Amino acid sequence: MNAEMTEDLALVTGLYRATNAAVRELDQRLMREHDVTFVQAVTLLAIDTFDRPQPHLVAEHLSQQSQTVTGVLDRLERAGHVTRRRDLDDRRAVRLELTESGRVLVDEMSESLKKHITDVLDGVKPRTREKLIHQLDELEHSIRTAR
């Protein structure tokens, strides 16, 4: 393996490790306080952001595969936080809605999630955060155009 490939592999591995560490920490905090995982939390927030979205829109918004989001939605529906309803204009389509308990959970969780994210990123300087956002956007663009 040449030096350039080794550096690139180290970069991707570092991103993977850092992402997993952040998600694992947020999972633990959210499970302890709200009995939801980070992926369930961001799924609920996505549903709340859009007006009765279809599952594929949530999957696209979260950059997840439809099957992954379907499993998350199944768990959220069993927990009573989300309902799937047929679209009255297009009977083939399904729309997602937060239930009353889902809306309450989103309201409660939103504030604590902001605090948890602030805690997790506390050791990262604001200027570094700005650079990371720009660089991650650049990386995502590179990934999308490489297909």
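Position 1 is the first residue of the sequence, and the numbers go up from there. Keep in mind that what you see is a predicted model, and the values were worked out from it rather than measured.
Using a distance-only test at 3.5 Å, with no hydrogens or angles considered, no donor-acceptor pair links the side chain of Thr19 to the main chain of Tyr16. Using a distance-only test at 3.5 Å, with no hydrogens or angles considered, no donor-acceptor pair links the side chain of Arg85 to the main chain of Leu96. Looking only at distances, no side-chain donor or acceptor of Thr68 sits under 3.5 Å from a matching main-chain atom of Gln64. Side-chain atoms of Asp27 do not come within 3.5 Å of backbone N or O of Thr37 as any donor-acceptor pair. No donor-acceptor distance shorter than 3.5 angstrom exists from the side chain of Ser66 to the backbone of His56, with no hydrogens or angles considered. Side-chain atoms of Ser110 come within 3.5 Å of backbone N or O of Val106 as a donor-acceptor pair.
No side-chain heavy atom of Ile47 sits less than 4.5 Å from a side-chain heavy atom of Glu97. Within the 4.5 Å cutoff, no side-chain heavy atoms of Thr99 are placed close to those of Val82. Between Leu113 and His34, the closest side-chain pair of non-hydrogen atoms is not below 4.5 Å. Residues His141 and Glu138 fail the side-chain proximity criterion, which asks for heavy atoms closer than 4.5 Å. In this structure the side chain of Glu140 reaches within 4.5 angstrom of the side chain of Arg144, judged on heavy atoms.
Between the CG atom in Leu76 and the OG1 atom in Thr43 there is a gap of 6.5 Å [rounded to 0.5 Å]. In this structure, Asn20 CG and Leu15 CG are separated by 11.0 Å, a value rounded to the nearest 0.5 Å. The distance from atom OG1 of Thr70 to atom CD of Glu77, rounded to the nearest 0.5 Å, is 11.0 Å. Taken to the nearest 0.5 Å, the CG atom of Leu105 stands 9.0 Å off from the CD atom of Gln40.
Under the 4.0 Å criterion applied to side-chain N and carboxylate O atoms, Lys115 and Glu111 are not assigned as salt-bridge partners. Between Asp51 and Arg95, none of the side-chain N atoms (NZ, or NE/NH1/NH2) sits under 4.0 Å from a carboxylate O, so this pair counts as no salt bridge. Salt bridge present: Arg84 and Asp74 bring a charged side-chain N and a carboxylate O closer than 4.0 Å.
Phe50 and Val39 are not part of a single hydrophobic cluster, where members link through side-chain heavy atoms under 4.5 Å apart. Cluster membership check: Val42 does not share its hydrophobic cluster with Leu57, using side-chain heavy-atom separations under 4.5 Å among Ile, Leu, Val, Met, Phe, Trp and Tyr. One hydrophobic cluster, built from ILVMFWY side chains closer than 4.5 Å, holds both Phe38 and Leu121. Under the 4.5 Å side-chain contact rule for hydrophobic residues, Leu62 and Val36 share a cluster. Hydrophobic clustering (ILVMFWY, side-chain heavy atoms < 4.5 Å, transitive): Ile117 and Met109 are in one cluster.
Smallest separation of non-hydrogen atoms from Leu26 and His116: CD2-CB, 3.7 Å. In plain terms, the two heavy atoms of Ala22 and Val120 that are nearest each other are CB-CG1, 4.3 Å. Taking both residues in full, the closest heavy atoms of Val58 and Pro53 are given as CG2-CG, 3.8 Å, listed atom of the first, atom of the second, then distance.
Under the side-chain hydrogen bond (donor to acceptor under 3.5 Å, both in side chains) criterion, Glu130 pairs with Arg127, not counting sequence neighbours.
The salt bridge (Lys or Arg N to Asp or Glu O under 4.0 Å) pairs that include a residue from residues 30-50 are Asp48-Arg103, where partners are two or more places apart or lie in different chains.
No more than 12 heavy atoms of other residues, nucleotides or ligands lie within 6.0 Å of CD in Gln65, so this atom counts as exposed by the packing criterion.
In summary, the side chains of His81 and Ser101 do present a donor paired with an acceptor at a separation below 3.5 Å, with no hydrogens or angles considered.
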